[in-house]
Amino acid sequence: MNVVSVFSVILLVCASVLCIALVVFLTKIAKTIKAIEIEVNDISTGMKPLIASATNLTEKLNRISDSADDQIEGVRRIIGKVNDRIDTILSLEEKIRSGFEGPTLDIIRNLSAVANGVSAFWNAFRRK
C-alpha cells in the first residue's frame with residue numbers, strides 16, 4: 001500500500017465521521033427547532049385567551065366611556081336649563097322690583113310727609 005492510498009482511506013474515514021456527526025447535529029437541531037415550535041404554539045395558545053380578554057375589556061371600557069360621556073352631556077343640558085330658568089327668575093325679580101320700587105318709594109315719601117304734617121299739626125295744636 002502506498003501512502004496515497006493510506007491517506008485516501010484516512011480521508012474517507014474522516015469524511016464518513018464528519019457526515020455521521022453532521023447527521024447527528026442536524027438531528028439535534030431539528031429536535032431543538034421542534035421544541036421551539038411547540039413552545040411557540042403553547043405561547044400562542046396561551047395568548048389567544050389573553051388577547052380575547054383584552055379585547056373584551058377594551059370594548060367594555062369603551063362602552064363605559066361612552067355612557068359617561070352621555071351622562072356628562074345630560075348633566076350639561078340640565079345645568080344649561082337650570083341656568084336659563086335662574087336667568088328668567090332673576091329677570092322677573094328685577095322687573096317686579098323696578099315695578100314696585102318707584103310707586104313704593106312715592107307712597108313712603110307721601111306717608112312720611114303726612115306723618116311730618118300730622119306731627120307739625122299736633123305740635124302747633126299743643127302750643128295753642
Side-chain angles (χ1 to χ4, degrees):
M1 260 190 152
N2 66 18
V3 175
V4 176
S5 298
V6 172
F7 282 126
S8 293
V9 170
I10 292 173
L11 184 63
L12 285 174
V13 170
C14 287
S16 298
V17 170
L18 284 176
C19 286
I20 293 170
L22 180 64
V23 169
V24 170
F25 286 121
L26 286 177
T27 305
K28 287 183 180 181
I29 290 173
K31 287 180 182 178
T32 304
I33 289 174
K34 187 66 175 173
I36 290 173
E37 180 183 355
I38 291 170
E39 290 289 327
V40 168
N41 285 337
D42 289 344
I43 290 172
S44 174
T45 304
M47 292 296 284
K48 286 179 184 178
L50 178 63
I51 291 171
S53 176
T55 303
N56 190 16
L57 178 64
T58 302
E59 290 171 357
K60 286 181 181 179
L61 288 174
N62 284 337
R63 284 194 300 265
I64 290 170
S65 175
D66 291 342
S67 174
D69 287 343
D70 293 343
Q71 290 177 2
I72 288 171
E73 190 58 38
V75 168
R76 285 185 181 149
R77 282 193 304 269
I78 290 170
I79 289 173
K81 288 177 182 178
V82 169
N83 282 339
D84 291 343
R85 288 187 183 173
I86 288 173
D87 289 343
T88 303
I89 291 170
L90 290 176
S91 167
L92 178 63
E93 184 262 340
E94 187 65 34
K95 288 178 184 178
I96 291 171
R97 182 182 298 158
S98 66
F100 281 116
E101 278 183 354
T104 304
L105 288 176
D106 291 342
I107 289 174
I108 291 173
R109 283 189 210 125
N110 289 338
L111 290 176
S112 177
V114 169
N116 287 338
V118 170
S119 176
F121 172 76
W122 279 109
N123 287 337
F125 185 70
R126 281 190 206 158
R127 280 188 243 152
K128 286 190 182 188

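Residues Val4 and Val13 are members of separate hydrophobic clusters, defined by side-chain heavy-atom contacts under 4.5 angstrom among Ile, Leu, Val, Met, Phe, Trp and Tyr. The same ILVMFWY cluster, assembled from side-chain heavy atoms under 4.5 Å apart, contains both Val82 and Leu90.
Apart from Leu61 itself, the hydrophobic cluster it occupies contains Leu57, where clustering links Ile, Leu, Val, Met, Phe, Trp and Tyr at side-chain heavy-atom distances under 4.5 Å.
One distance of note links CG of Asn116 with CG of Leu111; it measures 11.0 Å at 0.5 Å rounding. From Ile79, atom CD1 reaches atom NZ of Lys81 across 12.5 Å, with rounding to the nearest 0.5 Å. Annotation: the span from Leu92 atom CG to Arg85 atom CZ amounts to 14.0 Å, rounded to 0.5 Å.
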Please tabulate, one pair per line, all N/O donor-acceptor pairs under 3.5 Å involving side-chain atoms of residues 63-70, not counting sequence neighbours.
none

Pair up each side-chain donor or acceptor in residues 44-53 with any protein partner under 3.5 Å, not counting sequence neighbours, and list the distances.
residue, atom, partner, partner atom, Å
Thr45, OG1, Asn41, O, 2.7

Identify every side-chain donor-acceptor pair in residues 15-40 under 3.5 Å, counting partners at least two apart or on other chains, and give the distances.
residue, atom, partner, partner atom, Å
Ser16, OG, Leu12, O, 2.9
Thr27, OG1, Val23, O, 2.7
Thr32, OG1, Lys28, O, 2.9

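Taking the six-membered ring where the residue is Trp, Phe121 and Phe125 present parallel rings, their angle staying beneath 30° rather than reaching 60°.
For residues 108-126, the set of pairs meeting the salt bridge (charged side-chain N to carboxylate O under 4.0 Å, His left out) definition, not counting sequence neighbours, comprises Asp106-Arg109.
Applying the side-chain contact (heavy atoms from CB on, under 4.5 Å) rule to Arg76 yields the partners Ile72, Glu73; only residues at least two apart in sequence or on another chain are considered.
Side-chain polar atoms of Asn2 and Ser5 form a donor-acceptor pair below 3.5 angstrom.
A side-chain donor-acceptor contact under 3.5 Å links Thr88 to the backbone of Asp84.
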